[in-house]
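Notes follow once the structure below has been shown.
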There are 2 protein chains.
Amino acid sequence: MRELSRIFKALSDKNRIRIIKMLQCKPMCVCELAEVLGLAMSTVSKHLTILRDVELINDLKDGKWVDYSLSRSSRTVYARELLRSMSKWLNEDDAVKADIRKAGKVSRKGICG
Amino acid sequence: MRELSRIFKALSDKNRIRIIKMLQCKPMCVCELAEVLGLAMSTVSKHLTILRDVELINDLKDGKWVDYSLSRSSRTVYARELLRSMSKWLNEDDAVKADIRKAGKVSRKGICG
DNA sequence: TATATAATTCGTCATATAACGAAATGACAG
DNA sequence: CTGTCATTTCGTTATATGACGAATTATATA
């Protein structure tokens, strides 16, 4: 029960939904996500921790970057099924489409600084 | 997007999940739910309003009672699909089973007062 | 009509959440 | 080994949330 409510809570934030929808297209690092979302990196990092804690996403170190991607084999059926549903939803949403378009243009090289 | 995040938020509370799982078995009024949950009626009423606002549940006046039941034809695909998932989840959860057992015993006659 | 009961609304409180910038950490490049 | 850049952690602030009891509303019954 606690596990399920935590996953729903993780998905209940607009910016975290935007992150999920972007990661559905490709893995991204914190600074790229922060750039597209228009949020501080520390804020995005926090959001990613929340999503990772419920196994909706995974992180993979790539040099000084950390690539986040959708979890392909979460421990819980909740995460697996909700990610499957999410992949069908919001694909025609204007905000989501705009995010994905921007995400295709950002380059991790020299975003920070 | 706002609609989806609101539904997830509605489902992100432990007590609201307990309500959904009880209503999965049968319609119930506020005082019955409050009795099983061990919460004040005003608190339960608030929870029910939140669930109703996202069309996860319906209310039906029955004399001085208000019967709440799971929504069978929500406007959004989100509510329909999430309710379908929820119906498969937590059926073996001890807390949920205890709630449902208690729910079978409470009688709306003279709970309040 | 007057009263009791179910439900909702209102006011309040404690806690949780999301945001930021600054400071700390980790990893590569020189 | 030192500096730089990506990330995380920390401290703070404003707002949202969930809880309660009291007051209010609505409905049935005495």
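This structure is a prediction, so every number in the text was calculated from the model and none was measured. In the text below, chain A, chain B and the rest are named by the order of the sequence lines, each starting its count at 1.
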Answer whether the closest heavy-atom distance between the side chains of [X] and [Y] falls below 4.5 Å.
X: K88(B); Y: V77(A); result: no
X: R72(A); Y: L83(A); result: no
X: L48(A); Y: D59(A); result: no

May I have the distance from [X] (atom [atom1]) to [N] (atom [atom2]), rounded to whole angstrom?
X: D13(B); N: dT17(D); atom1: CG; atom2: C1'; result: 9 Å
X: L48(B); N: dT8(C); atom1: CG; atom2: P; result: 7 Å
X: R52(B); N: dA7(C); atom1: CZ; atom2: C1'; result: 11 Å
X: L11(A); N: dT17(C); atom1: CG; atom2: P; result: 14 Å
X: L39(A); N: dT17(C); atom1: CG; atom2: C1'; result: 14 Å
X: L33(B); N: dT8(C); atom1: CG; atom2: C1'; result: 15 Å
X: K14(B); N: dG18(D); atom1: NZ; atom2: P; result: 13 Å
X: F8(B); N: dT17(C); atom1: CZ; atom2: P; result: 17 Å

Point to revise | Aromatic plane relationship, F8(B) with W89(A) - under 30° parallel, 30 to 60° tilted, over 60° perpendicular | key: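 If you compare the ring of W89(A) with that of F8(B), the planes turn out tilted.
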From [options], pick the nucleotide closest to the side chain of [X]?
X: S45(B); options: dG21(D), dT9(C), dA18(C); answer: dT9(C)
X: W65(A); options: dA6(D), dA19(D), dA6(C); answer: dA6(D)
X: K9(A); options: dT17(C), dT8(D), dA7(C); answer: dT17(C)
X: H47(A); options: dG18(D), dA18(C), dT8(C); answer: dA18(C)
X: R16(A); options: dA18(C), dA19(C), dA6(D); answer: dA18(C)
X: S42(B); options: dG21(D), dT7(D), dA22(C); answer: dG21(D)

Check your understanding: Are L56(A) and S71(A) close enough, and set up right, to give a side chain to side chain contact (heavy atoms under 4.5 Å, CB included), and what steps lead you there?
Key -> CA-CA 5 Å; L56(A) 285 166; S71(A) 181; 5.7 Å; no
Pairs under 3.5 angstrom, nitrogen or oxygen only, protein versus nucleotides 23-30 of chain D, please.
none

Point to revise | Check ion pair D99(B)-K21(B) (N to O, under 4.0 angstrom) | key: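 No salt bridge links D99(B) with K21(B).
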Practice item. Find the distance between OG1 (T76(A)) and CZ (R6(A)) and round it off to the nearest 0.5 Å. Key: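 Output value for this atom pair is 10.0 Å.
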Review point. Is Y68(B) near enough to dA6(C) that one of its side-chain N or O atoms lies under 4.0 angstrom from OP1 or OP2?
Key: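 It does not, given that no N or O in the side chain of Y68(B) lies less than 4.0 Å from OP1 or OP2 of dA6(C).
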Practice item. Report which part of the nucleic acid K46(A) touches: base, sugar-phosphate, or nothing (heavy-atom distance under 4.0 Å, all strands). Key: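 It contacts nothing in the nucleic acid.
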